[in-house]
Amino acid sequence: MPSAGVEPPAKRRKWQKDANMVTIGGKAFSLEGYLDPTSRSEPTKATTLPETLATTADDKTKCSALSAEKKSDSRPRKDGRTGDRTRAPKIVAEDAALLKSRQELPIWHHRSEIQAALRNPDCNVLVLVGETGSGKSTQVPQFLYQESWCRRRKAKPSGSQDEVAVGGTIAITQPRRVAATTLAQRVSREVGTPLGKGKPDGLVGYSVRFDHVVPRGTKIKFLTEGTLLQELLRDPQLRQYSAVIVDEIHERSLDVDLLVGFLKQILTDGFHGRGGIPLKVVIMSATADVDVIRKFFTNPPGSDNMSERLQVVRIKGRQYPVEIMHEPRPVPDIQDALMKRILKIHLEEPLPGDILAFFTGQEEIESAQKLIEEHAQSLASNVPKIKVCPLYGQLSMEGQRDAFMPAGAPFTRKIVLATNIAETSVTVPGVRYVVDCGKAKVKKYRPRLGMESLLATVISKSSALQRSGRAGREGPGKCFRLYSESTFESFQDSDLPEILRSDVLSAVLTMKARGVGDVLSFPLMDTPDSDSIERALLQLHYLGALSGDGAITLAGETMAKLPIPAPYGAVLLAAARPEFDCVVEAIDIISCITSGEDIFLQLQSEEAQEEVGALRKEIQRREGDIITYLTSMQRYTGENADRNEWCKRLRMNMRNMRQALNIRRQLRGMCLKEKLLTGPLPADPQPFTPIDPVRADIIVKCFMRGFGLKTAMLAPDGSYVTVQGKHVVAIHPASVLHGQKKEAIMFLEHVFTNKNYAKRVSAIRANWIVEALESRY
DNA sequence: GAGCACTGC
């Protein structure tokens, strides 16, 4: 056997024959070639890898839905017109105050500089570094949409006889839906064509999942990155656009990395597919790390003169000063230090000024809340009162609301205990003091183990900067870092981009579906290691998305169009086959799973758990989580009276349930279009009839077509051992099968936290594993 | 016996 590390990757597949042999019912099976080729045990401890770009955000107009709503309608309206327009739109409701506030933005003075840069026919890429509050997201599209290069034109793409229309619209991408929609609302008011019901014409629109508002005559279109990637599938040259503005690139989402790869391809193609009409690209970042972007767009050096075509403009932000305090030396107990610091700030710092403290997770927040509330009882009467507000993603809407409201009572300080959610996703108003523990929980995919880890990890410098910036939104503030200055200096500059810490399965499928033959040579700012890509290719082949020579199959093309991870796409395709015939049920299940973290709210107290446990008996099924999701959706949609009331009673996550319903509608529509379903489907509500066990087995078997490798068998000692890699896994406590012993299990997720957990688990028979694997060969 | 945060024609 060859020794580790010297063998070229392609030859490594013959390794560890023993680890890839499965004995089921006395029959030995080789999973070689389809399984993890190097399934040596890898320590599952957190590792800190080099990080590349930064995480801060310009979120002046982007905040939580809660605070965004509050902001948008509080502005005084006056009639007036702006001089910033050559053609007056039909609907004129320009607001002098709006124009004035626009002119006060730091970016306003760079207006002609930005316009001039892109008027230069040799300049197709503009990099804009604008700090928080510079106004870049709202103003840059308005600076550009009336430029002459932005006009819609007729052109003949090479190899085509027909003229097509090219350009006319500016796309501007955002990582989050709320950002895309609230920015579109704001910009539409600024240009004088506010979005609203019964307004078919307008200059500004947006397009996000489940919500597309694109008026006739739209010149500026806000999109999420994912939506533009989907458009790219239909229109690889992005012909409807004259420019694409990529905002918040420093967040380095997986989608944005793919997006700029495709943009670079369009740029380096010489615009043949656009009849020679250029596509201008504006890259906007909140951090000054321009080099990665510059290098990406001008690479390989000498192959073209891209370096001359790329310009950089830097804009100062508008932010109040924040005084930063470090600990003199590392603290021994972070949780204890957080508590002490929060109380010290409360006693020493004047009102007004709320406190925002960054914790790593829900558990830490809950225990800290308890302790602070206890302590608050014993405060002297001349000390302000305390209102503690937890803030984390899994918290219900009502639970989060307090964090965004003023403390309410007089002589009271709000203390918000938050996870990373408060770093970029939402803005907490009223904060003057920030406490930063220096850590965050980060999910990281481990391709060798085919599993994820979720562990508290040290943050990056840009993350620390972003956290401290939260103290200076409304006035001068203070940030207390619970680590030393030298510890800060040891942080990486920026966080590891998502593409380097996630499963690239769907990313590779996306590339293949958009005609990228050689995935390894696709231009990326950061390239995952070839091992990860090879595994993804192998698994896509296993799922039937790629043929033996790596070309995309018809099934793969369908999977790429579906807005769900590739393995679920494979399940849907299998469900359409006559032997399974369960597309409707599979959609119900997949909708529940992909709607968010979980549709079941997790409960704190044991009494509440027991109480709801009894109520949930009516939807829980012994077959496991998949069938439990199915009955949940069937019960929910079968509910005649009040669905929200039903959610409350069973402690279901209402937001995720509604999202699941949206996904269900979308998937049903797409499956009808893709001929995976024949309509018409029965309308809701349908009377609830529990699914019979035979049918339940068929559905679970169908899921094995996507997750056949995510299986484990019960060992004699009562533990579960994975078929792939032979690791011990425990059934996660959130699963209905937690604590139960079944012959074998299939799981849809595999996460390491304090141990190896299988999540979304179903009971299976061992011979089903054989069937699922045999059906592949 | 446990849950960082986003997101998709």
Side-chain angles (χ1 to χ4, degrees), chain A residues 46 55 57 62 64 173-180 207-212 214 223-235 248 251-256 258-259 358-366 391-395 418-426 437 439-444 452-457 459 463 466 495 498 501-502 506-507 509-510 513 558-566 568-569 590 594-598 600-604 606 609 613 653 659 662-663 666-667 669-670 673-674 730-735 738-739 749 751 753-755 757 759:
Chain A
T55 307
K62 307 165 214 171
S64 76
T173 67
Q174 295 295 325
R176 280 170 289 278
R177 287 194 288 175
V178 261
S207 188
V208 302
R209 193 183 190 185
F210 311 127
D211 196 4
H212 305 272
V214 185
L223 310 94
T224 45
E225 293 151 358
T227 310
L228 190 59
L229 276 178
Q230 283 301 130
E231 286 192 359
L232 214 41
L233 203 56
R234 280 179 316 196
D235 179 10
E248 311 284 30
E251 288 195 23
R252 293 299 301 275
S253 68
L254 207 163
D255 281 351
V256 97
L258 290 179
L259 188 60
F358 285 97
F359 287 73
T360 51
Q362 181 180 338
E363 200 182 311
E364 291 83 356
I365 289 172
E366 278 165 5
L391 181 61
Y392 48 85
Q394 278 301 94
L395 200 63
T419 59
N420 238 8
I421 190 170
E423 193 180 301
T424 47
S425 307
V426 298
C437 71
K439 290 196 169 171
K441 275 190 191 168
V442 177
K443 215 174 226 178
K444 191 173 184 313
E452 289 176 311
S453 63
L454 178 61
L455 298 164
T457 313
I459 60 172
S463 204
Q466 174 72 6
D495 296 297
E498 197 183 359
R501 45 182 190 85
S502 12
S506 292
L509 179 62
T510 296
T558 308
M559 284 159 67
K561 282 184 219 166
L562 294 168
I564 48 178
Y568 292 106
I590 293 168
T594 60
S595 69
E597 190 55 35
D598 206 347
F600 300 102
L601 285 172
Q602 303 298 321
L603 303 161
Q604 277 100 353
E606 274 181 37
Q609 281 181 28
N653 185 324
Q659 172 79 348
N662 277 330
I663 297 171
Q666 187 187 25
L667 288 178
M670 295 180 94
K673 213 162 103 189
E674 297 292 329
I731 297 178
H732 194 274
S735 168
H738 175 69
E749 283 163 37
V751 184
T753 50
N754 55 20
K755 63 178 170 182
Y757 282 110
K759 296 176 85 173

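Note on naming: letters A, B, ... go to the chains in the order of the sequence lines (proteins, then strands), and numbering restarts at 1 for each one. Everything numeric here is computed off the predicted structure, so don't read it as measured data.
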Exercise. Closest to the A:Gln230 side chain: B:dA5, B:dG1, B:dG8?
Worked result: B:dG8
For this session: Report the distance from atom NZ of A:Lys444 to atom P of B:dC4, rounded to the nearest whole Å.
Result: 18 Å
For this session: Could you go through the side chain to side chain contact (heavy atoms under 4.5 Å, CB included) check for A:Lys759 and A:Val751 one step at a time?
Result: CA-CA 8 Å; A:Lys759 296 176 85 173; A:Val751 184; 4.0 Å; yes
For this session: Among B:dG1, B:dG8, B:dC9, find the nucleotide with the atom closest to the side chain of A:His738.
Result: B:dG1
Exercise. Taking CD from A:Glu363 and C1' from B:dC4, how many angstroms apart are they, rounded to a whole number?
Worked result: 14 Å
Seminar exercise, completed: By nearest-nucleotide position on DNA chain B, the 5'-leaning member of A:Lys561 and A:Arg501 is A:Arg501
Exercise. For the pair made of CD in A:Gln174 and P in B:dA5, what is the distance, rounded to whole Å?
Worked result: 21 Å
Problem set entry | Crowding at NZ, A:Lys441 (>12 non-hydrogen neighbours, <6.0 Å) | yes
Seminar exercise, completed: Here the distance between atom P of B:dA2 and atom CD1 of A:Ile365, to the nearest Å, is 18 Å
For this session: Report yes if at least one side-chain N or O of A:Thr753 is closer than 4.0 Å to OP1 or OP2 of B:dG3; otherwise report no.
Result: yes
For this session: Report yes if at least one side-chain N or O of A:Gln666 is closer than 4.0 Å to OP1 or OP2 of B:dC9; otherwise report no.
Result: yes
For this session: Take atom CD of A:Glu498 and atom P of B:dG8, then tell me their distance rounded to the nearest Å.
Result: 13 Å
Exercise. Side-chain N or O of A:Thr360 less than 4.0 angstrom from OP1 or OP2 on B:dC4?
Worked result: no
Exercise. DNA chain B: A:Thr510 or A:Gly361, which has the more 5' nearest nucleotide?
Worked result: A:Gly361
For this session: Would you indicate, yes or no, if B:dT7 has its OP1 or OP2 atom less than 4.0 angstrom from a side-chain nitrogen or oxygen of A:Ser253?
Result: no
Seminar exercise, completed: Of the listed B:dG1, B:dC9, B:dC4, the closest approach to the A:Lys443 side chain comes from B:dC4
Exercise. So, are A:Glu251 and A:Arg176 salt-bridged, with charged N and O less than 4.0 Å apart?
Worked result: yes
Exercise. Is any side-chain heavy atom of A:Glu364 closer than 4.5 Å to a side-chain heavy atom of A:Tyr392?
Worked result: no
Exercise. Of the nucleotides B:dA5, B:dG3, B:dT7, which one has an atom closest to the side chain of A:Tyr757?
Worked result: B:dG3
For this session: Indicate, yes or no, whether a donor-acceptor pair under 3.5 Å links the base of B:dC6 to the side chain of A:Arg176.
Result: no
Exercise. With a 4.0 Å cut-off on heavy atoms, is A:Ile421 in touch with a base, just the backbone sugar-phosphate, or nothing at all?
Worked result: sugar-phosphate
Seminar exercise, completed: Taken to the nearest whole Å, CG/A:Leu254 to C1'/B:dG8 is 12 Å
Problem set entry | Selected nucleotide, minimal atom distance to A:Leu233 side chain, candidates B:dC9, B:dG3, B:dG8 | B:dC9
Exercise. Tell me: CG of A:Leu229 to C1' of B:dC6, nearest whole Å?
Worked result: 15 Å
For this session: Considering just the side-chain nitrogens and oxygens of A:Arg209, establish if one lies under 4.0 Å of OP1 or OP2 belonging to B:dC9.
Result: yes
Exercise. If you check every side-chain atom of A:His212, which of B:dC6, B:dC4, B:dC9 has the closest atom?
Worked result: B:dC9
For this session: Between B:dA5, B:dC9, B:dA2, spot the one nearest the side chain of A:Tyr392, thanks.
Result: B:dA5
Problem set entry | Residue pair A:Gln362 / A:Ile365, side-chain heavy-atom distance below 4.5 Å | no
For this session: For the side chain of A:Gln362, starting at C-beta, report the closest nucleotide among B:dG3, B:dA2, B:dA5.
Result: B:dG3
Exercise. Which whole-number value in Å describes the distance from A:Tyr568 OH to B:dT7 P?
Worked result: 18 Å
Problem set entry | A:Glu248 and A:Thr424, any side-chain heavy atoms less than 4.5 Å apart | no
Problem set entry | Residue-phosphate contact under 4.0 Å: A:His732 side-chain N/O, B:dG1 OP1/OP2 | no
